[in-house]
Amino acid sequence: MKHSTNQQTRRGRGPARRIGRTLALVLPVVLVLSGTLAVTRVNWTGNPSGSVLTASDAIDDAKGAAAVHRAPQDVLRDQLLAELQEDDPGVVLTHLQQAVTERPSLAGHCASIARALGRAAVRVYGPSKAQSYARPVCDTAFASGVAAAHS
């Protein structure tokens with residue numbers, strides 16, 4: 001009789017053990033997936049507009065992701081280069097100085113932006129006229145950009 005009790009006890013643990021092992025394997029996967037889905041539903045932009053990014057939006061917008069995640073100095077440089085096509089370099093340099101004053105984190109990039117503006121000004125206005133707009137914004141980076149483009 002003792003032998004049959006042992007077998008019954010072993011059989012009683014068998015299904016419970018299998019269920020436990022299955023849960024031990026499946027539950028972490030379910031938790032990770034539900035956590036990932038929850039994170040994709042959070043509005044990470046800080047914009048209180050109520051728009052929520054879903055995982056499918058993130059996949060659909062993969063091409064536009066590079067444009068969305070551009071560094072502030074790159075955005076500023078591109079804006080100022082576009083503005084240079086419409087305004088003279090003096091106005092654009094004033095806007096550069098204002099942007100650096102408003103956002104001090106851009107100060108480290110000011111010289112490279114000013115050099116890019118100097119090179120672009122040579123293409124638009126020629127070296128002599130571009131040099132006439134040079135002034136000490138971000139040291140003399142605009143003038144060095146003009147000189148680099150001219151040589």
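Both backbone and side-chain heavy atoms feed into the values below; hydrogens, waters and symmetry mates do not.
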Count I, L, V, M, F, W, Y as connected when their side-chain heavy atoms are under 4.5 Å apart, and connections chain through other members. Are Y133 and V91 then in the same cluster? no
Any side-chain heavy-atom pair of Q73 and R77 under 4.5 Å: no
Would you call L76 and L96 a side-chain contact if the rule is heavy atoms closer than 4.5 Å? yes
Given Q85 and V92, is the side-chain contact (heavy atoms from CB on, under 4.5 Å) satisfied, shown in steps? CA-CA 10 Å; Q85 302 301 317; V92 176; over 6 Å; no
Testing the basics here: between [X] and [Y], what is the closest heavy-atom pair and its distance to 0.1 Å?
X: L81; Y: A120; result: CD2-CB, 3.5 Å
X: R115; Y: S144; result: CG-OG, 3.3 Å
X: Y125; Y: K129; result: O-CB, 3.6 Å
X: G90; Y: R135; result: O-NH1, 3.2 Å
X: P89; Y: F142; result: CB-CZ, 3.8 Å

Sequence neighbours left out, what passes salt bridge (Lys or Arg N to Asp or Glu O under 4.0 Å) with D88? Give chain and number order. none
To the nearest 0.5 Å, tell me how far L106 CG sits from T101 OG1. 10.0 Å
Rounded to the nearest 0.5 Å, how far does CG of L84 lie from CG of L80? 9.0 Å
Could you check S128 against Q131 for side-chain contact (heavy atoms from CB on, under 4.5 Å), going step by step and ending with a plain yes or no? CA-CA 5 Å; S128 298; Q131 187 63 40; 5.9 Å; no
